[in-house]
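Here is the structure we will look at, set down as structure tokens.
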Amino acid sequence: MADPLFTVAATLRAAFAQATGLPADSIDPVVRPSDRADAQANGALALAKQVGKNPRDVAAAAVATGLLADSCSSVEVAGPGFINLTFKPAFLATQLAEAASDPRLGVRSATQQRNVVIDYSHPNVAKEMHVGHLRTTMIGDSLVRLLRFVGHRTILENHIGDWGRQFGMLIEHLLDIGETEAAHELSVSDLNTFYREASAKFEASESFKDRARQRVVELQSGDAETLRLWRLLVDESMRSFNEVYARLGVLLTNDDLMGESAYNDMLPIVIDRLRDQGLLVESQGAEVVFPEGFLNREGEPLPLIVRNSVGGFGYAATDLACVIDRVERLHADLMLYVVGAPQAQHLSMVFAVAQMAGWLAPPVEAIHVPFGNVLGEDRKMFKSRSGETVKLSNLLDEAVERATASVREKNHEMSADEQAEVGRMVGIGAVKYADLSTDRIKDYAFDWERMLSFDGNTAPYLQYAHARICSIFRRAQIERASVRAIVPTLAEPQERALALTLLQFDSTVHDTLDKYSPHRLCTYLFELAQAFTAFYEACPVLKDGFEDTRESRLALCDLTARTLQQGLALLGIEAPERM
RNA sequence: GCCCUCGUAGCUCAGGGGAUAGAGCGUCGGCCUCCGGAGCCGUAGGCGCAGGUUCGAAUCCUGCCGAGGGCGCCA
């Protein structure tokens, strides 16, 4: 039911234990895919050293246990002590049939169910969502889907920027133009215009600046009318965010909102609790904590500023309140922060202080899942031609437009509606996949041509492979589900290769989650699509004269399509049945 | 100045202790009585530099070079 490499690793652990006398749970057999066989085990080399024997002898002794005979047709010791493993076709076929009969396609459940809080997306109220929000939203969404798929409980938290000094000027500007006009402007125009106008007045007018400052005080003191106006800004912004979320097809809803404002009441408590524990220090008029090991540019201890010198709470206070809330109220035992790489130091300081205060202690874990920037062709921050940040809504418009044009060009007979629908799936999928398919820690260059190409490691290529398989079943006029009990025959090398790749879906999903790196799943899906294409090229499915292999190959087709579809779904990408 | 991340083929990227470093695009050369040619097969071409650890290093450690980012009251 699991990856054969995983299964054989367990077998080898026992074999090595017998061969060396070491306890099985201390042994890593180091099983890897191999280009010389189906798999290779390299564990003998390290183990030989531990027990003072020749690596080849250790490998030979492990092989001699005979434990591998059930799953392997060939087991050979090679080189300095590698064990080359070739699986029995019948073993692989059985595993495939098991995966095919499983709604989760053979993916194991997590050994321990965790309660996971995922903090991601977090756009700012009164500002348009832009490319800067793309990665956190995509990566976070995919991690949620992956976590759920292996059985974890997930709590989504959209920590929107809905509080702070800028709301003084925004509310005053709102009053200036009138609520009706403001609501109109915020909905038909865009959020950025409203923000820019407010900001311009703030810069230009001293009296406006005074009003804005006064309004901040009223907001913070909970003045009802001010809060009502603030709520109006938040609601209008959410309308705009939700449009983008709907188009992206991400899981976030209003129920997941936990903006900065939600923690206001907790901020004094954070201060009290830090003070009670003797962690709070007054420094240059501010209340701070000095976590160990952090230095400023003068080499002096670097503080985490919880409350500034004029009595205001900064985001450090909010982030600490978040930790308390997530651990004590939500009972999270894993907290993922899908936040850009530049915040690394800030977050590690927050975590350090939370640990000092005892709020964050094993088995509870807080993990920063950092990511790099989206770059333009010039390798600098991705900007529009006019030099402005690119709005997500515009970006998605263009993606769908380009993809629809391409679909239209290649499917003249398809109805306009279907062209549009497929174009939407392809366009949105392309943007998402481009974002998820490179190692998140690196910057990546945004390139329309490449991401929408049907060749290479792209969403359209994977979607195409899926659509092709769907087309095979349409031609065959056979129910997909009817081939799921078939144990396929793996005679051709391309069939074997496809089978091995299909069975790696299990370990790929777990590996992807271990590293919180969706690009590993992307790489796998691309390899799967390539393995399928090679299979399809070499192994006729429906052609006359191949009736004997027909059902077996249809079974391989079906499992491939389902794995592609499920894999893409875990990335938040749709797979059309024709395109 | 200190700290963090990154540096792999012409380009875009995988690989993060195991044998001969992979893929896509592009290059060059093949394959069409093709189950969707939006395809397939082949080709040349590379681990920033220098040390170290190890039986074994693209991978771990140190230094240097280069790029980006962070470094007390913005979030």
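Every value quoted in this text rests on a predicted model; they were computed, and no experiment measured them. Reckoned from all heavy atoms, side chains included, excluding hydrogens, waters and symmetry mates. First the proteins, then the strands, lettered A, B, ... as listed; each starts at 1.
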Is any side-chain N of the basic residue among [X] and [Y] closer than 4.0 Å to the acidic one's carboxylate O?
X: A/Glu547; Y: A/Arg550; answer: no
X: A/Asp435; Y: A/Arg440; answer: no
X: A/Glu287; Y: A/Arg275; answer: yes
X: A/Lys383; Y: A/Asp378; answer: no

Integer-rounded Å distance: [N] [atom2] and [X] [atom1]:
X: A/Asn457; N: B/A14; atom1: CG; atom2: P; answer: 9 Å
X: A/Ile441; N: B/G15; atom1: CD1; atom2: C1'; answer: 17 Å
X: A/Asn296; N: B/C71; atom1: CG; atom2: P; answer: 12 Å
X: A/Phe371; N: B/G68; atom1: CZ; atom2: C1'; answer: 15 Å
X: A/Tyr444; N: B/A67; atom1: OH; atom2: P; answer: 24 Å
X: A/Leu498; N: B/C40; atom1: CG; atom2: P; answer: 14 Å
X: A/Met349; N: B/C2; atom1: CE; atom2: C1'; answer: 14 Å
X: A/Arg450; N: B/A23; atom1: CZ; atom2: C1'; answer: 13 Å

Rounding to the closest angstrom, what is the interatomic distance between [N] and [M] at atom [atom1]?
N: B/U43; M: B/U27; atom1: C1'; value: 9 Å
N: B/A57; M: B/G48; atom1: P; value: 15 Å
N: B/U5; M: B/C60; atom1: P; value: 11 Å
N: B/G45; M: B/U8; atom1: C1'; value: 13 Å
N: B/G70; M: B/U54; atom1: P; value: 39 Å
N: B/G36; M: B/C32; atom1: C1'; value: 14 Å
N: B/A58; M: B/G52; atom1: P; value: 14 Å

Would you indicate what [X] reaches in the nucleic acid, counting non-hydrogen atoms under 4.0 angstrom: base, sugar-phosphate, or nothing?
X: A/Thr438; value: sugar-phosphate
X: A/Glu449; value: nothing
X: A/Phe535; value: nothing
X: A/Asp439; value: sugar-phosphate
X: A/Asp28; value: nothing
X: A/Ala286; value: base
X: A/Gly314; value: sugar-phosphate
X: A/Glu300; value: base
X: A/Ser471; value: base
X: A/Ala467; value: base
X: A/Cys470; value: nothing
X: A/Arg297; value: base
X: A/Asn84; value: base
X: A/Pro342; value: sugar-phosphate

hbond_proxy A/Tyr536 side chain to B/C35 base (donor-acceptor, 3.5 Å cutoff):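 Indeed there is one.
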On a plain distance test, is the side chain of A/Ser283 in donor-acceptor contact with the base of B/G72 below 3.5 Å?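 Yes.
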Which listed nucleotide ([options]) is nearest to the side chain of [X]?
X: A/Gln40; options: B/G72, B/G18, B/C34; value: B/G18
X: A/Gln343; options: B/A75, B/A38, B/G18; value: B/A75
X: A/Ser309; options: B/G18, B/C73, B/G37; value: B/C73
X: A/His519; options: B/G70, B/C73, B/G15; value: B/G15
X: A/Lys543; options: B/C35, B/A38, B/A14; value: B/C35
X: A/Phe82; options: B/G18, B/C35, B/G16; value: B/G18
X: A/Phe526; options: B/G36, B/A23, B/C35; value: B/A23

Distance under 6.0 Å and angle within 45° of the ring axis: does A/Arg135 meet both against A/Phe371?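 No, a cation-pi geometry is absent between A/Arg135 and A/Phe371.
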Distance below 4.0 Å between [X] side-chain N/O and [N] OP1 or OP2:
X: A/Arg468; N: B/A38; value: no
X: A/Gln530; N: B/G24; value: yes
X: A/Arg440; N: B/C6; value: no
X: A/Arg379; N: B/U12; value: yes
X: A/Lys442; N: B/G7; value: yes
X: A/Arg578; N: B/G36; value: no

Pairing nucleotide - [N], Watson-Crick or G-U, each distance under 3.5 Å:
N: B/C31; result: B/G39
N: B/U59; result: none
N: B/G45; result: none
N: B/G72; result: none
N: B/G7; result: B/C65
N: B/A23; result: B/U12

Rounded to the nearest 0.5 Å, what separation is found between the CD atom of A/Gln504 and the CG atom of A/Asp511?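 Between A/Gln504 CD and A/Asp511 CG, I get 11.0 Å after rounding to 0.5 Å.
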Would you give the length of the straight line joining atom CG of A/Leu279 to atom CD1 of A/Ile271, rounded to the nearest 0.5 angstrom?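 The CD1 atom of A/Ile271 is 11.5 Å from CG of A/Leu279, to the nearest 0.5 Å.
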State which residue, out of A/Phe526, A/Phe454, A/Phe532, fulfils the ring-ring contact (aromatic ring centres under 6.0 Å, His included) condition with A/Tyr461.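 It is A/Phe526, the one option of A/Phe526, A/Phe454, A/Phe532 that forms the ring-ring contact (aromatic ring centres under 6.0 Å, His included) with A/Tyr461.
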Verify, without hydrogens or angle tests, whether A/His133 (side chain) and A/His130 (backbone) share a donor-acceptor contact under 3.5 angstrom.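 Yes, the answer is positive, given that a donor and an acceptor are paired below the 3.5 Å cut-off.
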Please determine, by modelled atom types, if A/Asp3 and A/His510 share a side-chain donor-acceptor pair under 3.5 angstrom.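 There is no such pair between these side chains.
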A/Ser437 or A/Gly312, whichever maps to the more 5' nucleotide of RNA chain B: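 That would be A/Ser437.
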Let me know, please, whether A/Glu537 or A/Leu45 comes out on the 5' side of the other along RNA chain B by nearest nucleotide.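 In this pair, the answer is A/Leu45.
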